[in-house]
Amino acid sequence: MKKVITYGTYDLLHEGHIHLLERAKKLGDYLIVGVTSDDFDRRRGKINVRQPLIERIEAVKNTGLADEIIIEEYEGQKIDDIRNYNVDIFAIGSDWTNKFDYLNEYCTVVYLPRTEGISSTQLRSKEGGIQLGFISEDAFVNKVIRETAYVNSIQVSGFYGDPSVLEADLKDKIQIFEDKQDLIDQSNALYIYEQPKQQVKSVAQALESKRHVLAEAPLCLSVETAHDLFNKAEENHVQLVLGLRTPYCTAYNRLLLMVKSGVIGKPVQIQSVCTSMKDYESICEGKIEHVWSSASGWAPTALLPILQIFGPEYVSSSIVVKKLASSSSRPFDLFTNIHLTYPDGVADCTVGVGYRGDNSLTIIGDRGYIFVPSPWWKTDYFEIRYEDSNENKRYYYQLDGEGIRNELVEFKRIVNGDITIQRVSKDVVFTMTSLLEKIKEGNYVTIQ
Ligand code: CTP
């Protein structure tokens with residue numbers, strides 16, 4: 001019996017796939033189809049796949065062409081499969097010509113002409129396109145705009161804000177609006193990252209115009225305002241999503257699941273450190289109201305694992321702040337420690353600009369601890385460490401584009417209604433905001 005094997009993602013199964021499977025089947029007597037796992041696709045940069053593995057397998061099964069379906073989970077698996085299943089022929093579309101010549105050592109490699117004019121990418125870009133407008137005064141926006149190139153069906157509708165922050169090539173490519181409402185009207189969703197007071201106004205304006213919003217954290221510095229903004233989103237039937245990268249890192253999500261499933265036992269303490277050696281005095285040039293302070297800039301990230309593991313409901317908090325020397329009259333913090341006590345644990349969130357800590361995350365449990373090295377918020381690696389170091393485990397998950405592209409893919413899915421639960425819950429946003437509000441109101445102990 002001649003065995004043939006072929007591989008693919010088979011997202012939104014189309015006639016190109018069916019045509020390929022038919023021809024592959026005819027090459028032998030028995031066809032094995034390898035369908036890529038969700039994880040494997042993400043690891044190799046295919047982040048736009050619409051259907052989960054189970055649906056893609058079902059679609060391949062329903063063609064009636066596969067005698068056996070297997071899951072492709074890792075780089076190099078094809079060699080293992082060819083050996084394990086005694087495969088005679090490896091068949092794949094001509095878009096891969098020469099790429100799999102190395103398999104000739106194990107079986108016959110056949111490249112079948114690709115069907116013209118159709119692909120999963122094409123089908124994905126037809127449905128639920130987003131015209132995303134950018135409102136910003138921060139150079140970080142360049143990264144976000146560039147990352148849209150990796151996300152199917154997000155088009156950049158334009159930019160409003162301080163054009164001097166845009167990199168030269170983007171300035172030439174993107175339409176720059178003089179009027180914010182004009183950009184909002186030309187978009188069906190907005191990415192907003194502005195200075196503290198301005199950001200709230202723009203988010204409200206976009207929501208009132210019935211546009212979806214991805215607003216960089218912190219959303220605002222008042223719990224009441226945060227409630228108002230989420231209510232506005234609900235009344236206008238649009239989505240308001242907090243802009244943060246860490247929640248979209250695969251490694252961070254695996255870590256959360258592992259903690260919840262008890263790998264380190266019962267967590268008792270979480271320590272997260274986010275610091276950078278920026279010189280704030282010169283960045284803000286005396287206009288401190290124009291920039292986010294260390295706590296407002298960093299704490300949403302630093303608090304995230306604490307509020308997602310221990311929950312948003314802490315018992316008591318104590319905050320220690322070191323203020324910018326020239327801002328003695330204003331609550332502008334350079335270094336902040338937020339200590340939260342829970343019924344069964346404690347947490348410390350340490351943030352600072354012009355200070356440098358180890359930027360790690362540690363979660364202590366009664367069986368072992370998790371250690372995420374610097375910079376922990378760009379999570380791609382973590383270790384689970386036990387008393388007996390022979391039991392230690394290390395985990396690595398590729399992170400491309402600092403998590404921005406994953407964040408954009410998820411935002412698009414939320415906007416399209418494919419996902420209804422946001423990674424960062426409203427309750428977590430409200431608790432983050434309430435802690436930042438305490439700092440704004442001066443509810444802290446000062447150190448010199
Ligand atoms: N294929 C084909 N003709 C097409 C599309 C795909 O012959 N028009 C073949 C590919 O060459 C591959 C198999 O179908 O052997 C599975 O391809 P897959 O990557 O899942 O589909 P694409 O449509 O190419 O997906 P994408 O656009 O996401 O790359």
Side-chain angles (χ1 to χ4, degrees), residues 3-28 30-75 77-79 81-82 85 87-104 106-129 148-155 398 400-401 405-406 408-410 412-413 416 418:
K3 280 189 173 177
V4 183
I5 198 161
T6 188
Y7 294 86
T9 304
Y10 304 101
D11 189 31
L12 308 173
L13 195 98
H14 54 72
E15 68 206 54
H17 294 144
I18 296 171
H19 190 208
L20 182 116
L21 293 176
E22 283 168 349
R23 286 171 296 155
K25 177 138 180 130
K26 281 189 192 144
L27 292 172
Y30 189 85
L31 178 65
I32 304 171
V33 181
V35 181
T36 49
S37 73
D38 298 331
D39 252 6
F40 183 49
D41 270 330
R42 269 196 293 271
R43 280 205 302 279
R44 62 193 190 124
K46 260 192 133 165
I47 55 170
N48 289 289
V49 176
R50 282 289 307 276
Q51 293 181 291
L53 174 65
I54 189 89
E55 284 179 22
R56 293 182 283 115
I57 289 179
E58 200 56 29
V60 170
K61 197 169 153 196
N62 289 341
T63 65
L65 293 163
D67 295 289
E68 188 168 349
I69 297 174
I70 59 170
I71 298 169
E72 187 183 19
E73 291 177 286
Y74 58 89
E75 204 65 55
Q77 184 184 323
K78 292 183 179 77
I79 297 175
D81 291 340
I82 290 167
Y85 293 94
V87 167
D88 303 284
I89 297 172
F90 169 87
I92 196 99
S94 54
D95 41 326
W96 295 99
T97 299
N98 297 333
K99 301 258 168 45
F100 292 107
D101 289 357
Y102 69 91
L103 294 175
N104 273 312
Y106 309 94
C107 68
T108 306
V109 175
V110 177
Y111 297 102
L112 297 165
R114 193 177 156 89
T115 307
E116 293 299 319
I118 182 124
S119 73
S120 304
T121 306
Q122 222 179 64
L123 293 175
R124 284 193 294 261
S125 64
K126 276 189 196 148
E127 49 181 32
T148 59
Y150 296 92
V151 185
N152 290 164
S153 69
I154 288 192
Q155 278 89 40
Q398 175 80 24
D400 293 313
R405 66 187 70 161
N406 295 353
L408 290 172
V409 168
E410 185 122 335
K412 186 188 75 175
R413 290 190 174 143
N416 288 342
D418 298 336

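Numbering of ligands and ligand atoms starts at 1, following listing order.
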TODO: State which residues pass salt bridge (charged side-chain N to carboxylate O under 4.0 Å, His left out) with Arg23; sequence neighbours excluded, sorted by chain then number.
DONE: none
Open item on the list: Run the side-chain contact (heavy atoms from CB on, under 4.5 Å) test against Tyr102 and tell me which residues pass, sequence neighbours left out.
Closed with: Ile79, Phe100
- [ ] For Asp41, check side-chain contact (heavy atoms from CB on, under 4.5 Å) against everything at least two apart and list the hits.
- [x] Thr9, Thr36, Arg44, Lys46, Val49, Arg56
Task: For ligand 1, the residues whose heavy atoms come within less than 4.0 Å (ordered by chain, then number) - done: Gly8, Thr9, Tyr10, His14, Gly16, His17, Leu20, Lys46, Ile92, Gly93, Asp95, Arg114, Thr115, Ile118, Ser119, Ser120, Thr121, Arg124
Open item on the list: Under a 3.5 Å distance rule, please check whether Lys412 uses its side chain to pair with a backbone N or O of Asn48 as donor and acceptor.
Closed with: no
TODO: From the options Ile71, Leu53, Ile70, select the one residue that forms a side-chain contact (heavy atoms from CB on, under 4.5 Å) with Val35.
DONE: Leu53
Task: Donor + acceptor pair across side chains of Asp81, Tyr7 (<3.5 Å) - done: yes
